[in-house]
Enquirer: 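The structure under discussion is supplied below as structure tokens; questions concerning it will follow.
What you see below is based on every heavy atom in this structure, not just the backbone, and it leaves out hydrogens, waters and symmetry mates. Keep in mind it's a predicted model, so treat the numbers as computed, not measured.
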Amino acid sequence: GAALVYLPADYFVRSPEQHSISLPWRVVKNILGVALVVLGIIMIFVPGQGLLTIVFGLALIDFPGKQRLIKKILDRPGLLDKINRLRNRYGKPPLQHHGA
């Protein structure tokens, strides 16, 4: 979950073209994203920050409908507040998303 601190505040409102990176980094980013989603799912059933880890993992993966899914997850009561409290603790601005 602490990795959400390092995302730019406008990460979830940027268009996919604004996230352009080279192909090798895109592959690494997607593999890491899938691993984080799997770990997040596991953490839902064991102690840990499952939803935060899933959100960060999804942010890394490239797939159609990504923004819509992330928005739906961030709209869960209290989740965005929890993320932004964590970001505030590290002196980072709150995350923006289309629902905010």
Enquirer: Treat each ILVMFWY residue as a node, draw an edge where side-chain heavy atoms are under 4.5 Å apart, and state whether Phe45 and Leu36 are in one component.
Expert: yes
Enquirer: Does Asp81 come within less than 4.0 Å of Arg85, counting only side-chain N to carboxylate O?
Expert: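 Here Asp81 does not pair with Arg85 in a salt bridge, since their nearest N and O are not under 4.0 Å apart.
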Enquirer: How long is the gap from NZ on Lys71 to CG on Leu80, to the nearest 0.5 Å?
Expert: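 CG of Leu80 is found 11.0 Å from NZ of Lys71.
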Enquirer: Who pairs with Lys82 by side chain to side chain donor-acceptor pair (under 3.5 Å), at least two apart in sequence or on another chain?
Expert: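 Partners of Lys82 by the side chain to side chain donor-acceptor pair (under 3.5 Å) criterion, ordered by chain and then number, come out as Gln49.
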Enquirer: Side chains of Thr53 and Ile41, heavy atoms from C-beta outward: is any pair under 4.5 Å?
Expert: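 When only atoms from C-beta onward are counted, Ile41 and Thr53 do not touch, as no gap falls below 4.5 Å.
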Enquirer: Check for me, please, whether Leu60 and Val27 land in the same ILVMFWY cluster - side-chain distances under 4.5 Å, paths through other members count.
Expert: no
Enquirer: Would you give the length of the straight line joining atom CG of Leu39 to atom CD1 of Ile54, rounded to the nearest 0.5 angstrom?
Expert: 10.0 Å
Enquirer: Under a 4.5 Å side-chain heavy-atom rule over Ile, Leu, Val, Met, Phe, Trp and Tyr, are Ile31 and Val28 clustered together?
Expert: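 No, Ile31 does not connect to Val28 through the hydrophobic network.
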Enquirer: About how many Å separate CG of Leu95 and CG of Leu86, when rounded to the nearest 0.5 Å?
Expert: 9.5 Å
Enquirer: Where the side chain of Arg87 meets the backbone of Pro93, is there a donor-acceptor pair that is under 3.5 Å apart?
Expert: yes
Enquirer: Using a 4.5 Å cut-off on heavy atoms from C-beta on, say whether the side chain of Asn88 contacts that of Asn84.
Expert: no
Enquirer: Does any N or O in the side chain of Asn30 come within less than 3.5 Å of the main-chain N or O of Asp62, such that one atom is a donor and the other an acceptor?
Expert: yes
Enquirer: I'd like to check the side-chain contact (heavy atoms from CB on, under 4.5 Å) partners of Phe63; sequence neighbours left out, ordered by chain and number.
Expert: Leu58, Ile61, Lys66, Leu69
Enquirer: side-chain contact (heavy atoms from CB on, under 4.5 Å) between Leu32 and Lys29: does it pass, once the steps are laid out?
Expert: CA-CA 5 Å; Leu32 179 61; Lys29 179 178 77 92; 5.9 Å; no
Enquirer: Atom CD1 of Ile73 and atom CG of Leu79: how far apart are they, to the nearest 0.5 Å?
Expert: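 That separation rounds to 8.0 Å.
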